[in-house]
Amino acid sequence: MIKRKIIIDCDPGVDDAIALAFAAANRDRLELLAVTTVGGNQAIEKVTRNALDLLDFYGLDVPVAMGADSPLIREPMYAPEVHGENGLGNCALPKTSRTPEKENAVLFLRKILLALPEGEKATLVPIGPMTNIALLVKLFPEVKDRIREIVFMGGAACGGNVTSSAEFNIYVDPEAAKMVFRSGIPLVMCGLDATLKCCLTRGQVLKLCQSPQRIAKLCGDMAGFALENSSSKYRGVVSIHDAVPLLYLLHPEIFTVKRTILDVDCSDGVSRGTTLCDFRWWEHEEEEMKDFVLMDADTKAFQEKLIEALYGLT
Ligand code: RIB
Ligand code: CA
């Protein structure tokens, strides 16, 4: 079986941490070349520390490079109410002695991509604000033909979680999203239309918390924090948004996908960070409709595959 080469750009982050666990459980099908970090759920120092500790805990020997500490233009906006002061639901992890790469994430991404064997490409999986990816494609356009596609968690065809129409990753750095959307690289938007349905119930979280398996228990404890300390407590379920791009890569059949052209509102008004999906195929040439958006998800199938993966980790 050909393994899909991927690079995850993240801001761990409870759901980022669970996504990394899912990647660890699927290392036979996903070749994780590198992890890069970006300020988002928490400050860059915290999310980078978390990424290093998580990869060590998961037994993944993957390089980590630290990226942007703030959005391209706007002020940082952290989410301790969802992810805790330490970014991992205030769950403690053994501290690894590993350190990040000496290069900044953008330079490291360029190095990794240009080092790929001729004809090979990697899939970028941004699951935080897209600041690093925007800088990469703007500063080093030569890497574009080494990128198969960008499968990202962010945005929504309809809905929002920071405002009624804007999702956190896009809202934090809409200019970065615009630069990525205009890069010409094929995009798959794993937005709230699907990720809100990719959730775990309180019962499933409780069972994970009671697991004797250390990684399953950690994921349960982190998800439990998010479940009890955010709007999830009213929904009674916690969405594992960042696992969705990886579930899509391995199990596309559990999602409904639609072709579109993506854009984003970079105003400062009420619609800041709103992603716009142009579905008007009759107005555009076939090749213009190069993007896809996940419009729906099979919740039960998502839960089965994620939970099976987490319990499979020792
Ligand atoms: O809106 C959900 C996204 O924002 C996820 O990536 C979560 O980790 C936060 O970064
Ligand atoms: Ca994230």
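Just so you know, ligand 1 is whichever comes first in the structure, and atom 1 is the first atom listed for that ligand. Basis for what follows: all heavy atoms, side chains included, without hydrogens, waters or symmetry-related copies.
Classification of Glu31 and Lys5 as a salt-bridged pair holds, one side-chain N sitting under 4.0 Å from a carboxylate O.
In the vicinity of Glu167, heavy-atom distances shorter than 4.0 Å reach the ligand 1 atoms 1 (O), 2 (C), 3 (C), 4 (O). Atoms of ligand 1 lying under 4.0 Å from at least one heavy atom of Phe168, given by number and element, are 1 (O), 4 (O), 9 (C), 10 (O). Each of the atoms 8 (O) of ligand 1 lies under 4.0 Å from some heavy atom of Asp16. Numbered from 1 in the order shown, with element, the atoms of ligand 1 that lie under 4.0 Å from a heavy atom of His241 read 2 (C). Atoms of ligand 1 found under 4.0 Å from any heavy atom of Asp242, numbered from 1 in the order shown, are 5 (C), 6 (O), 7 (C), 8 (O). Remark: ligand 1 atoms within the under-4.0 Å shell around heavy atoms of Asn41 are 7 (C), 8 (O), 9 (C), 10 (O). Contact atoms of ligand 1 toward Met153: 2 (C), 3 (C), 5 (C), 6 (O) (distance under 4.0 Å to a heavy atom of the residue).
Taking the six-membered ring for Trp and the full ring otherwise, the centers of Tyr78 and Phe168 sit at least 6.0 Å from each other.
Cluster membership for Leu32 and Leu306, using ILVMFWY side-chain heavy atoms within less than 4.5 angstrom, is shared. Using a 4.5 Å cut-off between side-chain heavy atoms of Ile, Leu, Val, Met, Phe, Trp and Tyr, with links allowed through other members, Phe255 and Val125 fall into the same hydrophobic cluster. Note on Phe225: it does not cluster hydrophobically with Leu310, by side-chain heavy-atom contacts below 4.5 Å among ILVMFWY residues.
Of the heavy atoms in Val14, none comes closer than 4.0 Å to ligand 1. Residue contacts with ligand 1 for Val82 are absent, since no atom lies close enough (heavy atoms, distance under 4.0 Å).
Side chains of Arg272 and Thr163: a donor-acceptor N/O pair is absent below 3.5 angstrom, by distance only. Side chain to side chain, Asp56 and Thr96 meet the donor-acceptor criterion of an N or O pair below 3.5 Å. There is no side-chain donor-acceptor pair under 3.5 Å between Asn132 and Thr36.
Using a 4.5 Å heavy-atom threshold, the side chains of Glu175 and Pro71 count as separate.
Protein atoms of type N, O or S found under 3.0 Å from the Ca ion (ligand 2) total 5.
For Ile127, a nitrogen or oxygen atom sits less than 3.5 Å from a nitrogen or oxygen atom of ligand 1, counting backbone and side chain alike.
The CE atom of Met222 sits 6.5 Å away from the SG atom of Cys91 when rounded to the nearest 0.5 Å. Rounded to the nearest 0.5 Å, atoms CD1 (Ile240) and CG (Leu247) are 10.5 Å apart.
For atom 8 (O) of ligand 1, the closest non-hydrogen atom of the protein is Asp15 OD1, 2.6 Å.
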